[in-house]
Amino acid sequence: AITLITEKEMQQAWTSKNTPSVCDWVLVSGKYCLLVDATNHWLDEKMAQGFADVDYYTADVEETFINKKFQQLKSTIELLAKNGWEGCQFDDETVFIPMVIVPNSGIPPAVMADVDIKLRAHSVLGKLGKIVTSPGILIYRDLQVFEGVCEHRSPRSFVEMLARWR
């Protein structure tokens, strides 16, 4: 069994005075809770052409991921842990897996980029402790590969596969 929760459903359930900042989708499968947020943020022209320096890269990553996407994911995790969700059980065994989907040219799918994102994300998501994995950034093409693999397996295996990766 897998439960899909949409951004609209979460906002409707948790809006009191202000609309909460939440991710686009949540997939709950057993003890795993995959949080997915998509962005249409492309790799900046200067970076794509190799003309950007490290300060430019840092500013772009901080702006797009640390200050926006990871904050949304953190807010969603905190709301789920506090309020729960009908039909889903969140406890000390729950593992939250934050994931951001970017365009194919959104960020290089390289080990160094992954390590850099993990280190930078710790300032936001690290405060949540052992209940959350390091965030993953998937380019759309990689997501399609995971999707293809899971067409021959259960949807639950998709969430578990991403959990093992992170």
Side-chain angles (χ1 to χ4, degrees), residues 5 7 10 14 20-83 90-150 156-166:
I5 310 168
E7 178 181 27
M10 289 182 280
W14 297 327
S21 177
V22 293
C23 62
D24 295 328
W25 302 278
V26 172
L27 291 161
V28 183
S29 177
K31 71 175 189 172
Y32 300 111
C33 183
L34 175 66
L35 299 98
V36 180
D37 202 79
T39 180
N40 202 23
H41 182 75
W42 294 84
L43 188 61
D44 183 86
E45 174 185 334
K46 287 183 182 178
M47 287 190 289
Q49 294 179 8
F51 296 130
D53 61 16
V54 71
D55 293 332
Y56 193 86
Y57 165 80
T58 298
D60 188 54
V61 167
E62 293 286 328
E63 165 89 17
T64 305
F65 296 103
I66 308 307
N67 298 332
K68 289 184 182 168
K69 295 300 169 188
F70 295 164
Q71 291 292 345
Q72 281 180 295
L73 292 163
K74 178 184 176 193
S75 172
T76 307
I77 292 167
E78 290 172 337
L79 287 163
L80 284 169
K82 178 182 175 187
N83 301 316
F90 301 107
D91 56 26
D92 294 343
E93 298 296 313
T94 303
V95 178
F96 292 95
I97 308 144
M99 196 70 54
V100 179
I101 309 300
V102 298
N104 288 334
S105 62
I107 195 162
V111 172
M112 288 308 296
D114 191 47
V115 169
D116 181 52
I117 294 297
K118 284 180 185 180
L119 292 173
R120 291 176 192 278
H122 190 71
S123 65
V124 176
L125 297 169
K127 296 172 184 170
L128 297 174
K130 67 177 186 166
I131 65 167
V132 65
T133 67
S134 61
I137 297 182
L138 284 178
I139 61 172
Y140 185 67
R141 187 172 27 248
D142 290 342
L143 179 63
Q144 290 174 312
V145 170
F146 277 115
E147 207 173 40
V149 167
C150 292
R156 183 179 182 131
S157 68
F158 173 71
V159 175
E160 291 172 1
M161 187 184 321
L162 290 175
R164 283 193 301 264
W165 173 50
R166 298 322 297 165

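Across all non-hydrogen atoms, the minimal contact from I117 to F65 is CD1-CD1, 4.5 Å. Contact record, I97 with V159: CD1-O, 4.3 Å, taken as the closest heavy-atom pair. Listed here is the closest heavy atom pair of V132 and L125: CG1-O, 3.4 Å. Scanning all heavy atoms of the two residues, the minimum distance from C33 to V28 falls at SG-CG2, 4.0 Å. Of all heavy-atom pairs spanning M10 and C23, the tightest one is CE-O, 3.4 Å. When all heavy atoms are compared, the tightest approach of D37 to K69 is OD2-NZ, 2.6 Å.
For the pair S75 (side chain) and Q71 (backbone), a donor-acceptor distance under 3.5 Å is absent. Judged purely by atom type and a 3.5 angstrom limit, Q72 uses its side chain to pair as donor or acceptor with the backbone of V22.
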Inset, instruction - For side-chain contact (heavy atoms from CB on, under 4.5 Å), just list the numbers for E78 and L128, CA-CA rounded to whole Å, side-chain angles, deciding distance to a tenth of an Å, and then say yes or no. - result: CA-CA 8 Å; E78 290 172 337; L128 297 174; 3.8 Å; yes

Inset, instruction - Might you work through the side-chain contact (heavy atoms from CB on, under 4.5 Å) test for I66 and V124, ending with a clear yes or no? - result: CA-CA 7 Å; I66 308 307; V124 176; 3.7 Å; yes

Inset, instruction - Step by step, work out the side-chain contact (heavy atoms from CB on, under 4.5 Å) result for K118 and H122. - result: CA-CA 6 Å; K118 284 180 185 180; H122 190 71; over 6 Å; no

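Looking at T76 and E7, their side chains never come closer than 4.5 Å, going by heavy atoms from C-beta outward. When side chains are defined from C-beta on, L73 counts as touching V100, because their heavy atoms get closer than 4.5 Å. Side-chain contact between L162 and L138: present, with at least one pair of heavy atoms (C-beta onward) separated by less than 4.5 Å.
Applying the ring-ring contact (aromatic ring centres under 6.0 Å, His included) test to F90 and every residue at least two apart in sequence or in another chain returns F96. Partners of W14 by ring-ring contact (aromatic ring centres under 6.0 Å, His included), not counting sequence neighbours, listed by chain and number: W85.
Within a 6.0 Å sphere centred on CG of D92, heavy atoms belonging to other residues, nucleotides or ligands number 12 at most.
The side chain to side chain donor-acceptor pair (under 3.5 Å) contacts involving residues 123-136 comprise S134-R166, where partners must be two or more places apart or lie in separate chains.
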